[in-house]
Every structure is written in structure tokens, then in C-alpha cells.
Amino acid sequence: MKKVIAQTEINVNEEGYLTDFAQWTKEIGTEIATDHNIEMTDRHWDVVKWIQEKVNEGAALSIRGIKKSGVIDIKSFYALFPGGPLKVSTKIAGVPKPKSCI
């Protein structure tokens, strides 16, 4: 299905995750974050970049993986991305919903 985000028509699934990462831009990520009441900071973008790199490498994402990443500790991860940090951060990053998320 199609959705307009940051004045760009993009393809998303029924949960709002981008279905084509090539359509992702920082502006789209920022608007998705705003929809989740998150004001993006450099720290947020560091996490988003790490998530995108891991997905590009074919790695499965999980809270445990974030904890072991050295990029961010779990408490800070929950503080940066409240309301389901892995779901929210991956949606902002423009990558598919992790299989570990319900």
C-alpha cells in the first residue's frame, strides 16, 4: 500500500513499515519519528545507522543484539525509542519489522 511521508509517496505494509528501503531518506525517518513523538538527535541517528548496517549485513535484530552491540545500552534504547524500542527504531530506520517483534 502507498503512504505519503515527508511529501514523498512510499510503499509500506499494513503496519507502516517501508517495503522498499531504497525509498528511505533521513527526512522520511524524521517524519516517522515525529509520528511517534520522538525528536531525533545524533544519538538516535547513531542507532538508526547501526540498525540499517546490521540489516544490510543480513543480521537478525533483537533487543539482546542491541544490548551486545556497544552502540547503546538497553536503558538508553528504551528512553530514546519509547513504546517498543525495536519496533519504533526499525520503522524509523526504514527496515523490515524484526521477526523477534510481536
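All values derive from a computational prediction rather than experimental measurement.
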If you measure from [atom1] on [X] to [atom2] on [Y], what distance do you get to the nearest 0.5 Å?
{"X": "I5", "Y": "I32", "atom1": "CD1", "atom2": "CD1", "answer": "4.5 Å"}
{"X": "I92", "Y": "T30", "atom1": "CD1", "atom2": "OG1", "answer": "8.5 Å"}
{"X": "T34", "Y": "E39", "atom1": "OG1", "atom2": "CD", "answer": "8.0 Å"}
{"X": "T90", "Y": "L61", "atom1": "OG1", "atom2": "CG", "answer": "7.0 Å"}

Closest non-hydrogen atom pair between [X] and [Y], with its separation:
{"X": "P82", "Y": "A79", "answer": "CD-O, 3.6 Å"}
{"X": "A93", "Y": "I51", "answer": "CB-CG2, 3.9 Å"}
{"X": "V88", "Y": "G83", "answer": "CG2-O, 3.8 Å"}

Note to self: How about CZ on F77, more than 12 heavy atoms from neighbouring residues, nucleotides or ligands closer than 6.0 Å, or not?
What the structure shows: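 It does: F77 CZ has more than 12 such atoms within range.
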Notebook entry, point to check: Quick one: side chain to side chain donor-acceptor pair (under 3.5 Å) partners of K2, sequence neighbours excluded?
Noted result: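 For K2, the residues satisfying side chain to side chain donor-acceptor pair (under 3.5 Å) (neighbours in sequence not counted) are N11.
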Notebook entry, point to check: For D46, what residues pass the side chain to side chain donor-acceptor pair (under 3.5 Å) criterion, not counting sequence neighbours?
Noted result: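 By the side chain to side chain donor-acceptor pair (under 3.5 Å) rule, D46 matches no residue at all.
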Tell me, do [X] and [Y] make a side-chain contact under 4.5 Å, heavy atoms counted?
{"X": "V47", "Y": "S69", "value": "no"}
{"X": "P96", "Y": "Y17", "value": "no"}
{"X": "V48", "Y": "M40", "value": "yes"}
{"X": "Y78", "Y": "I66", "value": "no"}
{"X": "K87", "Y": "K97", "value": "yes"}

Residues two or more places apart in sequence or in another chain: which of them pass side-chain contact (heavy atoms from CB on, under 4.5 Å) with [X]?
{"X": "D20", "answer": "A22, Q23"}
{"X": "E27", "answer": "A6, T25"}
{"X": "V12", "answer": "M1, K3, I10"}

Note to self: Taking ring pair (Phe, Tyr, Trp, His ring centres under 6.0 Å) as the cut-off, I'd like each qualifying pair that reaches into residues 28-60, sequence neighbours left out, listed once.
What the structure shows: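 Sorted result for residues 28-60: H44-F81.
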Notebook entry, point to check: Do any pairs count as a salt bridge (Lys or Arg N to Asp or Glu O under 4.0 Å) and have a residue in residues 56-73, sequence neighbours left out, and if so which ones?
Noted result: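 Applying salt bridge (Lys or Arg N to Asp or Glu O under 4.0 Å) to every pair that reaches into residues 56-73, excluding sequence neighbours, yields K54-E57.
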